[in-house]
There are 2 protein chains.
Amino acid sequence: MKPSPTLKKIAAQLNVSISTVSRALKDHPDISIETKRKINELAALIEYDPNPYAVNLRTHNNKEFAIVVPSLSNFFYHSFISSIEEEARKHGYSVFIYRSSNDPQIELEILKSCRLKRVSGVFISVTTETKDIAPFLKLDEYGIPVIFFDKVPACELCNKICVADEHAALLAASAILKKGVQNVLGIFGDPNMSITQVRYHTFHKVLNEGNQKIQLQSVNASSADEAEQIVLTALADFKGRYLAIFCMSDEILAGVMKAVQRKGLKFPQDIGIISISDGMIPKLFYPEITYAETSGFKLGKLALNRMMRCIAGSSFAQTIIDESHLVEGGSI
Amino acid sequence: MKPSPTLKKIAAQLNVSISTVSRALKDHPDISIETKRKINELAALIEYDPNPYAVNLRTHNNKEFAIVVPSLSNFFYHSFISSIEEEARKHGYSVFIYRSSNDPQIELEILKSCRLKRVSGVFISVTTETKDIAPFLKLDEYGIPVIFFDKVPACELCNKICVADEHAALLAASAILKKGVQNVLGIFGDPNMSITQVRYHTFHKVLNEGNQKIQLQSVNASSADEAEQIVLTALADFKGRYLAIFCMSDEILAGVMKAVQRKGLKFPQDIGIISISDGMIPKLFYPEITYAETSGFKLGKLALNRMMRCIAGSSFAQTIIDESHLVEGGSI
DNA sequence: ATTATTACCGCAAACGTTTGCGGTAATAAT
DNA sequence: ATTATTACCGCAAACGTTTGCGGTAATAAT
């Protein structure tokens, strides 16, 4: 366990003061080029790097962003995080990721840690059980901007970056209308989640506003297995009539596909399928599933942009919503 | 931007010294219960939390692990990381995740940051281009244990945690033998990766040692699309004969399934499929794909256990290899 | 030859902790 | 009534930086 190089050691070796070394390494104009040269040389030789704890204790600022997510296994997060990281690096920030395991207690600990470490900013997708936004406001009090994404709390004066729930649902519904399908089964997730409500509402509104007669049935499924069962019974109900199934999420799509394969149905001939997705699952099937895309990439750039403004002093709260687009796969 | 509570403020308010406050909060026996009570009360009231930078500067130890991965979109990582986190929490450690984007340069920066922050330990899956292990040895010099997992460098005296490449390939090959299939197509990934070599070697060895006459053909595919093409041409070659396809990875499985669906083949009747996987992709199909599992969960526990021993002073390098098991899905 | 400017550097305090050591008042032992 | 013990607390240094301020020697201006 060898000791780390410090300013003090450089100073002693070169018979100068610690302040001089510190200033030389920061290229301060007060220091002569000759001493700067000597100091930089020695520093490079012994591989000096400033102790971040000492620096932070003194200066109270670090260049780090924290991203907090409930889980890692999510393609949307993946693209969002990649995007943020790439952009943050350009601004000289590094980012690390915390995982809350969808546990509000752990989330709280993570937030506290972010606060104590005085990170420059926090991007967070909250737990499904997160109700209390006080801890987030507290971060703000300490001058740490918080930007919510994907799973956002119901809070007016927060910065939020949302996937295009509404637009995606609209695109999917429009696609169904264009196909002239008569019977539609919509499968949605947890009815308590705002994402579900928005998608449900928009989907229904668009389908009902179209001047076609559509028999629309909607149900909620809390798991892939449940979605599978729903489809199996629906297939019996709609026997003989062409049915289009709308899947609100990848998880539901997975269950639906299980049922479709189990029954040996071909799409788009026997049945129509359309989904909202980040694009991974839909591409596993043939024909590929048609979906309204919710990619995190552009959103990440927007989020970081918003963050930089917050750091620059903007206290203006804003909700940014991405646009979606339809990816035709041939499943409807 | 309100100021943080500090020991000094508590001390001033209560007319005691900073040392007394510090000791009281740590339940030091030198402090009377009465003063302890007062101090703890005030600390709770103003929500005092020690400044981690000051603490670390003084004590040189934090209770944090870093996990470094090339990418987040990987189910094996997901289970491995979950497992590590869960276990680490029990030991009072928190963990954060760094993402190298498979870029050796970024990886280097992350390692440096880990070193400067004197994290308690690093779990890392290296970049595919990482050749130089010097930076890792340097961490060791500073007393920071490094445990490699999944993508590990060729280095004898390192702690490594590996998925059960050999065992998984063996299980898959044995399953094929048991089914008595005559024609086998093995599709493997990048032939330069050690993981590919091990799986290839074992798979071939087991199939050839079985005293059955098997026509085995193996190819490498660097993408899902390539795997799909391979299957399409193979189906023409093996026309009329029952074929079993072994997929070394999820990516290859995805390509294979594309071809199988495109041709409208049913498994296990028309074709047999078996894979090595963490279990997500295989469960999307019906029947589910039979696969040899490479789960990170148990491995994570083992890795953390090894880490705790390293921290306790063990300098003994060890390679831990997980066992795999076959998950029957009905695809062969 | 005195004064003002410039170039260069160091002192010392501060950030917020932890901890060895010593010190006083109260109690217990001679 | 003196000495030894105990209970409780504070001083001060240290961790490794940064930075305002002042200070000296050399140069430029009077």
Side-chain angles (χ1 to χ4, degrees), chain A residues 1-40 42-43 46-64 112-113 115-119 142-143, chain B residues 1-40 42-43 46-64 112-113 115-119 142-143:
Chain A
M1 182 113 83
K2 72 178 184 190
S4 308
T6 64
L7 292 184
K8 195 194 282 187
K9 283 176 198 158
I10 300 181
Q13 194 125 15
L14 261 43
N15 272 320
V16 291
S17 77
I18 294 177
S19 351
T20 301
V21 179
S22 174
R23 290 196 174 98
L25 292 174
K26 311 189 115 52
D27 203 24
H28 192 286
D30 264 10
I31 310 299
S32 74
I33 37 170
E34 176 56 15
T35 36
K36 272 183 192 166
R37 192 189 54 71
K38 282 196 305 185
I39 290 172
N40 277 299
L42 183 55
I46 66 176
E47 295 188 291
Y48 169 78
D49 274 298
N51 179 325
Y53 294 105
V55 172
N56 200 288
L57 182 59
R58 188 51 230 255
T59 65
H60 289 297
N61 70 54
N62 60 12
K63 303 268 268 182
E64 291 180 326
K112 185 165 157 187
S113 167
R115 178 166 52 83
L116 296 176
K117 284 182 175 175
R118 284 160 186 73
V119 298
Y142 283 92
Chain B
M1 181 110 84
K2 74 180 184 189
S4 308
T6 63
L7 293 184
K8 195 193 280 186
K9 282 175 199 159
I10 300 182
Q13 195 125 14
L14 262 41
N15 270 321
V16 292
S17 77
I18 294 176
S19 350
T20 301
V21 179
S22 174
R23 290 196 173 97
L25 292 173
K26 310 189 115 54
D27 204 23
H28 192 284
D30 264 9
I31 310 299
S32 75
I33 38 170
E34 177 55 16
T35 37
K36 271 182 193 167
R37 192 191 52 72
K38 282 195 306 185
I39 289 172
N40 277 298
L42 183 56
I46 66 176
E47 297 188 287
Y48 169 79
D49 275 297
N51 178 324
Y53 295 105
V55 172
N56 200 287
L57 182 59
R58 187 52 230 257
T59 65
H60 287 298
N61 70 52
N62 61 12
K63 304 268 267 180
E64 291 180 325
K112 184 166 158 186
S113 168
R115 176 165 54 82
L116 295 177
K117 283 182 175 174
R118 283 158 187 76
V119 298
Y142 283 93

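Reminder, nothing fancy here: chain letters follow the sequence lines and each chain counts from 1.
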>> At less than 4.0 Å, is any side-chain N or O atom of B:Ser4 found next to OP1 or OP2 of C:dG16? Yes or no.
In response: no
> Does atom NZ of B:Lys36 have more than 12 heavy-atom neighbours from other groups under 6.0 Å away?
Replying inline: yes
> Given Watson-Crick or G-U pairs with both distances under 3.5 Å, what dot-bracket string fits DNA chain C, with | for other-strand pairs and [ ] for crossing?
Replying inline: .||.||||||||||||||||||||||..|.
>> I want to verify a distance call: between C:dT17, D:dT17, D:dC9, whose nearest atom is closest to the A:Pro50 side chain?
In response: D:dT17
> Rounding to a whole Å, what distance do you find between A:Leu57:CG and C:dC15:C1'?
Replying inline: 4 Å
> Whole-Å distance between C:dT17 P and A:Lys117 NZ?
Replying inline: 16 Å
> Of the candidate nucleotides C:dC15, D:dT17, C:dC9, which contains the atom at the shortest distance from the side chain of A:Thr35?
Replying inline: C:dC9
>> Without decimals, in angstroms, what is the distance between A:Glu34 CD and C:dA7 P?
In response: 17 Å
> Quick check: are there more than 12 heavy atoms from other residues, nucleotides or ligands sitting under 6.0 Å from NZ of B:Lys112?
Replying inline: no
>> For B:Ser113, is there any backbone N or O sitting under 3.5 Å from a side-chain donor or acceptor partner on B:Arg115?
In response: no
> How many Å lie between CG on A:Asp30 and P on D:dG20, as a whole number?
Replying inline: 11 Å
>> Please give me every residue in residues 16-26 of chain A whose heavy atoms get under 4.0 Å of an atom in DNA chain D, ordered by residue number.
In response: A:Ile18, A:Ser19, A:Ser22, A:Arg23, A:Lys26
> Roughly, in whole Å, what's the span from OH in B:Tyr53 to C1' in D:dC15?
Replying inline: 16 Å
>> Salt bridge or not between B:Lys117 and A:Glu64? Use side-chain N to carboxylate O under 4.0 Å.
In response: yes
>> Rounded to whole Å, please give me the gap between NZ in A:Lys38 and C1' in C:dC9.
In response: 12 Å
> Checking side-chain contact (heavy atoms from CB on, under 4.5 Å) for the pair A:Tyr48/A:Leu7: CA distance, chi angles, key distance, verdict?
Replying inline: CA-CA 8 Å; A:Tyr48 169 78; A:Leu7 292 184; 3.3 Å; yes
>> Tell me which one of B:Val55, B:Leu57, B:Asn56 satisfies side chain to side chain contact (heavy atoms under 4.5 Å, CB included) with A:Leu57.
In response: B:Leu57
> Atom NE2 of A:His28 to atom P of C:dC9: distance rounded to whole Å?
Replying inline: 12 Å
> In whole Å, what is the span from the CG atom of A:Asn51 to the P atom of C:dG16?
Replying inline: 16 Å
>> Both B:His60 and B:Lys36 contact DNA chain D. Which one's nearest nucleotide lies toward the 5' end?
In response: B:Lys36
>> Walk me through whether B:Ile39 and B:Thr20 qualify under side-chain contact (heavy atoms from CB on, under 4.5 Å).
In response: CA-CA 9 Å; B:Ile39 289 172; B:Thr20 301; 4.1 Å; yes
> Considering only heavy atoms, which members of residues 6-14 of chain A lie under 4.0 Å from some atom of DNA chain C?
Replying inline: none
